[in-house]
Amino acid sequence: MIYIYNDFGGTHTTSMAAAYHLHILKPGKLTEQEILSVPYFNQLTKKDTGHILYHGTDDEGHPVYTIRRRNSKYVVPALTDLSSILLNRYGQKETIIISNTSPTVPPMMTAGGFFSRELKIDWIGVPLLVKGAKQCHGLIQHLVEETKRVAASLHEQVVVLENKKYQYKMGKKDISWK
């Protein structure tokens with residue numbers, strides 16, 4: 001099993017998903033320090049777009065990666081096709097799970113990412129990112145749990161999860177999805 005979490009920026013919700021998957025982040029409320037200590041959180045730049053970043057190996061020995069895809073609708077299909085080609089070519093019985101974390105992103109995180117990563121105004125962006133991370137951490141945690149559950153139950157070679165049911169809902173204090 002290989003896990004690849006993806007989203008537009010690849011540095012906030014994907015990093016948090018990888019951290020939950022690898023038990024770097026624990027369930028429950030997060031502190032600012034915990035959020036800012038997540039590997040790759042708010043650290044990627046445009047030059048990192050399309051690069052698959054290794055975060056570690058989970059408890060079951062499965063590698064966990066993330067990718068920053070920006071607004072390209074072609075990254076995930078290309079990744080899916082290349083994965084299928086390589087698995088078939090080399091006769092591998094591996095499953096690759098490509099899980100989209102974009103639905104979990106709240107507006108606060110989008111604004112924070114824009115100020116911090118695009119405009120380089122961290123004094124505005126980072127506090128917004130921390131607030132956004134605190135808003136959506138429960139959704140991300142559940143998305144990771146669902147990604148693992150689906151991965152364990154399917155026997156397909158490449159699985160793409162869009163995760164639309166984890167869409168962040170404004171004004172909801174608790175975990176909310178439909």
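The two residues Glu32 and Val130 come nearest to each other via the heavy atoms CG-CG2, 3.8 Å. Of all heavy-atom pairs spanning Leu30 and Tyr20, the tightest one is CD1-OH, 3.6 Å. For Met1 against Ala152, the heavy-atom pair with the smallest separation is CE-N, 4.5 Å. Across all their heavy atoms, Gln43 and Asp48 have their closest contact at O-OD2, 4.5 Å. Taking both residues in full, the closest heavy atoms of Gly113 and Leu129 are given as N-CD2, 3.4 Å, listed atom of the first, atom of the second, then distance.
One finds the CG atom of Leu44 at 5.5 Å from the CG atom of Leu53 (value rounded to the nearest 0.5 Å). The CD1 atom of Ile97 lies 8.0 Å from the CD atom of Glu156; values are rounded to the nearest 0.5 Å. A distance of 4.5 Å separates NZ of Lys148 from NE2 of His21, quoted to the nearest 0.5 Å. Here the OG-CD distance, from Ser83 to Gln157, works out to 9.5 Å after rounding to the nearest 0.5 Å. The CG atom of Asn6 lies 13.0 Å from the CZ atom of Arg68; values are rounded to the nearest 0.5 Å. Separation of atoms CD1 (Ile35) and NE2 (His137) is listed at 8.0 Å; rounding is to 0.5 Å.
Of the listed residues (Thr13, Asn163, Thr147), just one forms a side-chain hydrogen bond (donor to acceptor under 3.5 Å, both in side chains) with Thr101, and that residue is Thr13. Screening Met109, Lys131, Gln141, His12 for a side chain to side chain contact (heavy atoms under 4.5 Å, CB included) with Cys136, the sole residue that qualifies is Met109. Of the options Thr14, Asn100, Asp7, a side-chain hydrogen bond (donor to acceptor under 3.5 Å, both in side chains) to Arg69 is made by Asn100 and by none of the others.
Using a 4.5 Å heavy-atom cutoff, the side chains of His55 and Ser15 are in contact. Put simply, the side chain of Tyr5 reaches to within 4.5 Å of the side chain of Val144, judged on heavy atoms. You'll find the side chain of His155 stays beyond 4.5 Å of the side chain of Thr95, heavy atoms only.
Remark: Arg89 pairs with no residue by the salt bridge (charged side-chain N to carboxylate O under 4.0 Å, His left out) rule, at least two apart or across chains. Remark: Lys46 engages Glu118 in a salt bridge (charged side-chain N to carboxylate O under 4.0 Å, His left out) (not counting sequence neighbours). For Glu145, there are no salt bridge (charged side-chain N to carboxylate O under 4.0 Å, His left out) partners two or more places apart in sequence or in a different chain.
Hydrophobic clustering (side-chain heavy atoms under 4.5 Å, transitive across Ile, Leu, Val, Met, Phe, Trp, Tyr) keeps Phe8 apart from Tyr40.
Looking only at atom types and distance, the side chain of Ser116 has a donor-acceptor partner in the side chain of Asp122 under 3.5 Å away.
Other members of the hydrophobic cluster containing Phe114, listed by chain and number, are Met108, Phe115, Leu119, Ile121, Trp123, Ile124, Leu128; membership follows side-chain contacts under 4.5 Å among ILVMFWY residues, whether direct or relayed. Applying the 4.5 Å side-chain rule to ILVMFWY residues, one finds Leu86, Tyr90 in the same cluster as Leu82. Grouped with Ile4 in one hydrophobic cluster are Ile2, Ile52, Tyr54, Tyr65, Ile67, Val75, Val76, Leu79, Leu87, Ile96, Ile98, Val158, Val160, the linkage being side-chain heavy-atom contacts under 4.5 Å among Ile, Leu, Val, Met, Phe, Trp and Tyr residues.
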